[in-house]
Colleague: 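One structure follows; several queries about it will come next.
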Amino acid sequence: MFNRPLTDATDARLRAQRVLPRLVFDYIDGAAGQEVGEVRNRDVLRGMALQTRILRDVQQRRLSTTVLGETADLPFGIAPMGMCNLAWPGADLMLARLAARENVPHGLSTVASTSMERVWEASQGKAWFQLYYSGDGEGTIKLVERAKAVGYRTLVLTVDVPEVGRRPRELKQGFKMPFRMGPRTFTDFAVHPHWSLTSLVRGAPSLGNFGPADQKRGFVFDRTESRAGADWDFFDRLRAIWPGPLVVKGVLDPRDAAELQKRGADAIQVSSHGGRQIDGGVGPVQALPKVRKAVGPDFPVFFDSGLRSGEDVLKVLALGADYAFLGRPLQFAIAARQERGLTEYWESVKAELSIAMAMTGLTDVKDASTDILATD
Ligand SMILES: Cc1cc2nc3c(=O)[nH]c(=O)nc-3n(C[C@H](O)[C@H](O)[C@H](O)COP(=O)(O)O)c2cc1C
């Protein structure tokens, strides 16, 4: 039974839960407050129905698309996530290799557990650097210069973390970044020996961009340092120094979207950070059509939060997104069955998307529109 391939996101999550210490599972799985926001977003998505059609000759189906001027073989990529190596040692590089193989973007977090240099190489140029503003912004700009020097072309500025959200499950488990194995968590680790022994042998994950050598070069990150100082002037400054595509992630208000468009962003990513920031906030699926309307039909709009299946991906493309990103399920797939689990889950999303296209009469994913959504 344990050798059975992963079938879907639910399977990945359940099997990850068995393998991971509670501290780690709750960090990945958790959300803000009572997790109402996250559940509601999933409910909205589940409540949407795809309109199936018949007799349309759907033998040839194209899943590839264009994202920021480049071809991507699939309309979904990898959302930036901090500390992925907590799911399993080497997780960041597994994601980078997947991005290279599948020709899709891989968001590499500021607080990734592997350095931007290593991931850039492993992803064969598919990585996008995700930036957090922090403190007075000077360290942030330094990091941008480093990403530019490494060769990163696309920068993703995450704007929905003016303060780190309050996540009760992290607080209960005493989760801290940088991550440490302490006596308090001893039993938790002891009853999950596969994960614990592997992490012990391979080394506990740390912040890949802020190791001892980086610190000597002036790269430091303090998760508790306020990120609340980011403002429009900072955005303008960043726009002025970043020559390539600039994506702004975590936008849920059409007015903010229109302002970003005016000030020169190249794309907007509608996202609630997977519900990790605020419990009672507006849901990203509800915000998506309004954001699309505010920026017009041709401006690139991306989406993440709550996507679990190929059908979910198709639904948000139909609602107006040009590109989608997956988050937690990728980490759960890795925790459950490492790189082969990641591939199995990834293939399941592809298959679901392709079948959903056949069922809705679509031969080109770029043609997804509200036409394929049932209206009532
Ligand atoms: C464990 C974890 C860590 C994350 N770290 C970051 C991060 O460092 N930067 C960022 O922009 N988003 C981060 N996110 C948010 C994701 O990019 C994405 O918005 C979210 O996971 C999408 O929701 P989903 O997990 O429900 O698919 C993180 C999400 C998770 C679950």
Side-chain angles (χ1 to χ4, degrees), residues 23-24 27-28 78-100 105-158 161 164 175-182 185 189 195-227 229-230 234 237-238 241-244 246 331 334 338-339:
L23 172 80
V24 175
Y27 162 65
I28 300 171
I78 302 162
M81 287 179 285
M83 295 296 282
C84 286
N85 287 5
L86 276 174
W88 204 263
D92 283 322
L93 294 178
M94 294 179 203
L95 291 168
R97 286 192 287 268
L98 178 74
H106 170 201
L108 191 270
S109 165
T110 290
V111 288
S113 34
T114 308
S115 72
M116 61 167 98
E117 289 81 3
R118 285 188 75 194
V119 167
W120 176 251
E121 223 177 280
S123 76
Q124 294 172 23
K126 293 292 155 206
W128 294 1
F129 183 66
Q130 177 270 320
L131 182 71
Y132 274 133
Y133 177 95
S134 189
D136 63 3
E138 290 316 309
T140 313
I141 296 292
K142 234 173 110 68
L143 213 53
V144 171
E145 298 297 347
R146 176 169 161 192
K148 204 196 289 183
V150 173
Y152 281 84
R153 215 175 74 80
T154 304
L155 186 67
V156 180
L157 175 68
T158 297
V161 189
V164 178
F175 182 86
K176 289 244 164 30
M177 206 188 279
F179 173 77
R180 275 192 197 90
M181 294 193 196
T185 46
F189 290 131
W195 183 94
S196 301
L197 290 173
T198 313
S199 294
L200 201 67
V201 171
R202 304 266 302 265
S206 59
L207 295 175
N209 289 319
F210 306 98
D214 303 305
Q215 285 175 19
K216 276 197 199 120
R217 290 164 60 209
F219 294 105
V220 279
F221 190 87
D222 176 1
R223 197 190 189 210
T224 60
E225 185 174 60
S226 176
R227 306 177 195 181
F234 176 75
R237 185 173 171 205
L238 192 62
I241 63 166
W242 186 258
L246 177 57
Q331 291 206 56
I334 290 172
Q338 295 77 61
E339 201 150 7

Colleague: Search all heavy atoms of E117 against all heavy atoms of N209 and return the closest pair with its distance.
Modeller: OE1-OD1, 4.5 Å

Colleague: Give a yes or no on whether the backbone of R217 and the side-chain of K142 come within a donor-acceptor separation of less than 3.5 Å.
Modeller: yes

Colleague: Measure across A91 and C84 and return the closest heavy-atom pair with its distance rounded to 0.1 Å.
Modeller: CB-O, 3.3 Å

Colleague: CG/L157 to CG/L131 distance, rounded to the nearest 0.5 angstrom?
Modeller: 5.5 Å

Colleague: Would you say S115's side chain and G208's backbone share a donor-acceptor pair under 3.5 angstrom?
Modeller: no

Colleague: Could you please spell out the steps behind the side-chain contact (heavy atoms from CB on, under 4.5 Å) verdict for M81 and S109?
Modeller: CA-CA 6 Å; M81 287 179 285; S109 165; 5.8 Å; no

Colleague: Do any N or O atoms from the side chain of W195 and from the backbone of L86 form a donor-acceptor pair under 3.5 angstrom?
Modeller: yes

Colleague: Is the backbone N or O of F219 less than 3.5 Å from a side-chain atom of R146, with the two atoms forming a donor-acceptor pair by type?
Modeller: no

Colleague: What is the ring orientation for Y27 with F175, classed by angle as parallel under 30°, tilted 30 to 60°, or perpendicular over 60°?
Modeller: parallel

Colleague: Any heavy-atom pair between the side chains of D214 and L207 that's under 4.5 Å?
Modeller: no

Colleague: Specify the closest pair of heavy atoms between E339 and M94, including all atoms of both residues, with the distance to one decimal.
Modeller: N-SD, 3.6 Å

Colleague: Quick one: pull up OG1 in T158 and CZ in R227 and give me the separation to the nearest 0.5 Å.
Modeller: 9.5 Å

Colleague: Would one find more than 12 heavy atoms of other residues, nucleotides or ligands at under 6.0 Å from atom CD of E121?
Modeller: no

Colleague: Main chain of F210, side chain of Q215: is a donor-acceptor contact present, judged purely on distance under 3.5 Å?
Modeller: yes

Colleague: With a 4.5 Å heavy-atom cut-off, do K126 and I78 have their side chains touching?
Modeller: no

Colleague: Are more than 12 heavy atoms, taken from residues, nucleotides or ligands other than R118, located less than 6.0 Å from that residue's CZ atom?
Modeller: no

Colleague: Just how far is it from atom OG of S113 to atom CG of L108, taken to the nearest 0.5 Å?
Modeller: 9.0 Å

Colleague: For a quick test of reading the model, state the closest non-hydrogen atom pair linking A100 to S123 and the distance between them.
Modeller: CB-O, 3.5 Å

Colleague: May I ask you to decide if the ring planes of Y133 and F234 are parallel, tilted or perpendicular, using 30° and 60° as cut-offs?
Modeller: perpendicular

Colleague: Say whether, by atom type as modelled, one donor and one acceptor occur between the side chain of T114 and the main chain of D92 under 3.5 angstrom.
Modeller: no

Colleague: Which heavy atom of H106 sits nearest a heavy atom of A99, and at what distance?
Modeller: CB-CB, 3.5 Å

Colleague: Apply side-chain contact (heavy atoms from CB on, under 4.5 Å) to the pair L95 and V119, showing each step before the final yes or no.
Modeller: CA-CA 9 Å; L95 291 168; V119 167; over 6 Å; no

Colleague: Going from CD1 on I241 to CD1 on I141, what distance comes out if it is rounded to the nearest 0.5 angstrom?
Modeller: 4.0 Å

Colleague: Report yes or no: does W242 contribute a side-chain atom to a donor-acceptor pair with the main-chain N or O of R153 at less than 3.5 Å?
Modeller: yes

Colleague: Should N85 and R202 be marked as a side-chain contact (heavy atoms from CB on, under 4.5 Å) after you check the CA-CA gap, both sets of side-chain angles, and the distance that decides it?
Modeller: CA-CA 10 Å; N85 287 5; R202 304 266 302 265; over 6 Å; no

Colleague: side-chain contact (heavy atoms from CB on, under 4.5 Å), that's the test. Do V144 and F129 meet it? Break it down for me.
Modeller: CA-CA 9 Å; V144 171; F129 183 66; 5.7 Å; no

Colleague: Sub-3.5 Å donor-acceptor pair from the side chain of S199 to the main-chain atoms of S196, do we have one?
Modeller: no

Colleague: Which heavy atom in S134 sits nearest to a heavy atom in T140, and how many Å separate them?
Modeller: N-OG1, 3.1 Å

